[in-house]
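One structure is given below, encoded as structure tokens.
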Amino acid sequence: MPELPEVETIRQGLLRRLVDHEIIGVRVRQPNLREKVEVDMLLTNVVGRSIVGVERRAKYLLMQLRPEGILVFHLGMTGRLWLGKPVAQDAPHDHLVFHLGPDLELRFHDTRRFGMCFYTTTKELPEHPRFRHLGPEPLSPDFSGPYLEERARGLWKPVKNFLMDASVVVGVGNIYASEALFAARVHPKREVGRLRRPQWDRLCGAIKDVLQAAIDAHGTSFSDYVDSDGRRGDFQNQLLVYGREGAPCVRDGHPIRRMIQAGRSTFYCSRCQR
DNA sequence: CGGTGGACCTGCTGGC
DNA sequence: TGCCAGCAGGTCCACC
């Protein structure tokens with residue numbers, strides 16, 4: 001479900017309301033997520049500690065604990081974190097409940113259970129198996145046209161698949177990959193080894209622009225994405241190709257097409273993306 | 001080595 | 001109404 005802009009929106013909401021709260025208790029209703037939740041690990045290392053910050057790396061949310069440690073969440077395709085007053089009854093797919101005081105609790109809800117929640121230490125995080133291989137943040141200066149060109153050297157995979165490879169760049173999922181390729185006027189099937197510097201510069205700029213615009217709009221909501229306060233995003237109104245099969249291209253009026261790449265839908269304009 | 005396809009899960013929609 | 005295929009915003013791993 002959430003790509004970088006949605007996770008970043010959730011992070012900002014959590015940061016405002018979670019900091020300085022102590023985790024008083026944890027209730028695990030369903031440990032079988034993408035990765036089995038280690039209940040003992042949470043009880044030992046998370047309960048009794050306070051949240052002092054909320055950061056993001058790729059699509060992971062990192063809750064900094066005092067005196068030490070990080071509580072990590074990944075939302076997979078359908079994960080949500082709800083922050084609010086304790087509710088009387090658990091809803092279906094409410095898998096984890098973090099008690100934060102008499103008036104506050106955090107619920108991890110995830111229909112498809114592709115999400116994750118685990119504890120790690122600050123020291124171990126960079127070498128953690130889930131983090132070790134991750135590429136640069138797309139909004140950082142490390143992510144540039146020359147960097148993309150260098151990483152693409154000798155490869156022949158389609159550029160869309162390349163942009164969704166987390167070892168190349170993190171946070172670019174299926175929606176924003178299509179949107180960035182459209183903005184840069186690059187055809188999703190182009191082989192990366194044959195793209196030249198101007199195209200890499202355009203793609204890099206398009207990725208930064210699209211992600212920043214989506215963050216500014218608080219993410220994309222189709223039917224169900226909401227942030228930790230239950231608010232929908234607005235970026236669905238600014239999507240130019242994703243989900244618009246058959247609609248006219250905003251640049252040249254040619255119908256937007258859909259195709260399958262690596263098992264995922266790609267939306268593009270066959271006339272102005274080359 | 002690089003690249004693809006399927007696996008993991010549940011729920012919704014549209015066609016017959 | 002029922003059933004079934006296809007689809008969904010992510011990630012990993014076995015296999016060519």
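Here is how names work: the chains are called A, B, and so on, in the same order as the sequence lines, proteins then strands, and each is numbered from 1.
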Q. Rounding to a whole Å, what distance do you find between E3(A):CD and dG10(C):C1'?
A. 9 Å

Q: Measure from OH on Y242(A) to P on dC7(C) and round the result to the nearest Å.
A: 12 Å

Q) At under 4.0 Å between heavy atoms, what does T220(A) touch on the DNA or RNA strands: base, sugar-phosphate, or nothing? A) base

Q. Do D90(A) and R107(A) meet the salt-bridge criterion of a basic N to acidic O distance under 4.0 Å?
A. yes

Q.
Nearest whole Å is fine: how far is dC7(C) C1' from M259(A) CE?
A. 17 Å

Q. For the pair made of CD1 in I215(A) and C1' in dG9(C), what is the distance, rounded to whole Å?
A. 15 Å

**Q.** Counterpart residues, side-chain contact (heavy atoms from CB on, under 4.5 Å), relative to D229(A) (two or more places apart)
**A.** R16(A), R17(A), D227(A), R231(A)

For residues 186-195 of chain A, which side-chain donor-acceptor pairs fall under 3.5 Å, sequence neighbours excluded?
unit_1, atom_1, unit_2, atom_2, d
H187(A), ND1, K189(A), N, 3.1
R190(A), NH1, R274(A), O, 3.4

Q.
Could you measure the distance from the CG atom of L71(A) to the CD1 atom of I23(A)? Nearest 0.5 Å is fine.
A. 5.5 Å

Q. Going by atom types alone, do Q12(A) and T9(A) pair a side-chain donor with an acceptor below 3.5 Å?
A. no

Q: Provide, to the nearest angstrom, the distance between the CD atom belonging to Q236(A) and the P atom belonging to dA8(C).
A: 17 Å

Q) Between atom CD in E8(A) and atom C1' in dG9(C), what is the gap in whole Å? A) 17 Å

Q) What are the 5'-most and 3'-most nucleotides of DNA chain B lying under 4.0 Å from any heavy atom of chain A? A) dG2(B) to dG11(B)

Q) Cluster partners of Y268(A), using ILVMFWY side-chain heavy atoms under 4.5 angstrom, listed by chain and number? A) M259(A)

Q.
Connecting only ILVMFWY residues whose side-chain heavy atoms lie within less than 4.5 Å of each other, what is the rest of L125(A)'s hydrophobic cluster?
A. Y60(A), L62(A), I70(A), V72(A), M116(A), F118(A), F131(A), L134(A), V170(A)

Q) Reckon G263(A) touches a base, only the sugar-phosphate, or nothing at all at heavy-atom distances under 4.0 Å? A) nothing

Q.
With the threshold set at under 4.0 Å for non-hydrogen atoms, list the residues of residues 105-114 of chain A touching DNA chain B in residue-number order.
A. T111(A), R112(A), R113(A), F114(A)

Q. For H74(A) and dT11(C), is the shortest distance between a side-chain N/O and OP1 or OP2 below 4.0 Å?
A. yes

Q. For atom C1', what is the distance between dG6(C) and dG6(B), given to the nearest Å?
A. 16 Å

Q.
Assess, by modelled atom type and distance only, whether the side chains of R112(A) and T78(A) contain a donor and an acceptor separated by less than 3.5 Å.
A. no

Q) Looking at residues at least two apart in the chain, or sitting in another chain, which of them share a side-chain contact (heavy atoms from CB on, under 4.5 Å) with P86(A)? A) E105(A)

Q: Could you list all the salt bridge (Lys or Arg N to Asp or Glu O under 4.0 Å) pairs where at least one residue sits in residues 125-142 of chain A, not counting sequence neighbours?
A: E35(A)-R130(A), R56(A)-E137(A), R57(A)-E137(A)

(Q) Does either side chain, that of R49(A) or that of Y119(A), offer a donor lying less than 3.5 Å from an acceptor on the other one? (A) yes

Q.
Could you list the cluster mates of M164(A)? Members are the ILVMFWY residues connected by side-chain heavy atoms closer than 4.5 Å, either directly or through other members.
A. none

Q: Please tell me if the side chains of I175(A) and F235(A) come closer than 4.5 Å, counting only heavy atoms from C-beta onward.
A: no

Q: Determine which bases of DNA chain B form Watson-Crick or G-U wobble pairs with both distances under 3.5 Å, and write the result as a 5' to 3' dot-bracket string with | for other-strand partners.
A: .|||||||.|||||||

(Q) Assess, by modelled atom type and distance only, whether the side chains of Y242(A) and S265(A) contain a donor and an acceptor separated by less than 3.5 Å. (A) no

Q.
If you compare every side-chain N and O of R264(A) against the phosphate oxygens of dG9(C) (OP1, OP2), does one of them come in below 4.0 Å?
A. yes

Q. Can you find a side-chain donor-acceptor pair between T266(A) and Q261(A) that sits under 3.5 Å?
A. yes

Q.
Are there over 12 heavy-atom neighbours, none belonging to R29(A), within less than 6.0 Å of that residue's CZ?
A. yes

Q. DNA chain B: N32(A) or V192(A), which has the more 5' nearest nucleotide?
A. V192(A)

Q.
In this structure, is the centre-to-centre distance between the rings of F162(A) and W200(A) below 6.0 Å?
A. yes

Taking N or O atoms only and anything under 3.5 Å, show me the protein contacts with nucleotides 12-16 of chain C, one pair per line.
unit_1, atom_1, unit_2, atom_2, d
dC12(C), OP1, R130(A), NH1, 3.4
dC12(C), O4', R34(A), NH2, 2.6

(Q) So if I take residues 149-165 of chain A and measure heavy-atom distances to DNA chain B, which residues fall below 4.0 Å? (A) L155(A), W156(A), K157(A), P158(A), N161(A)

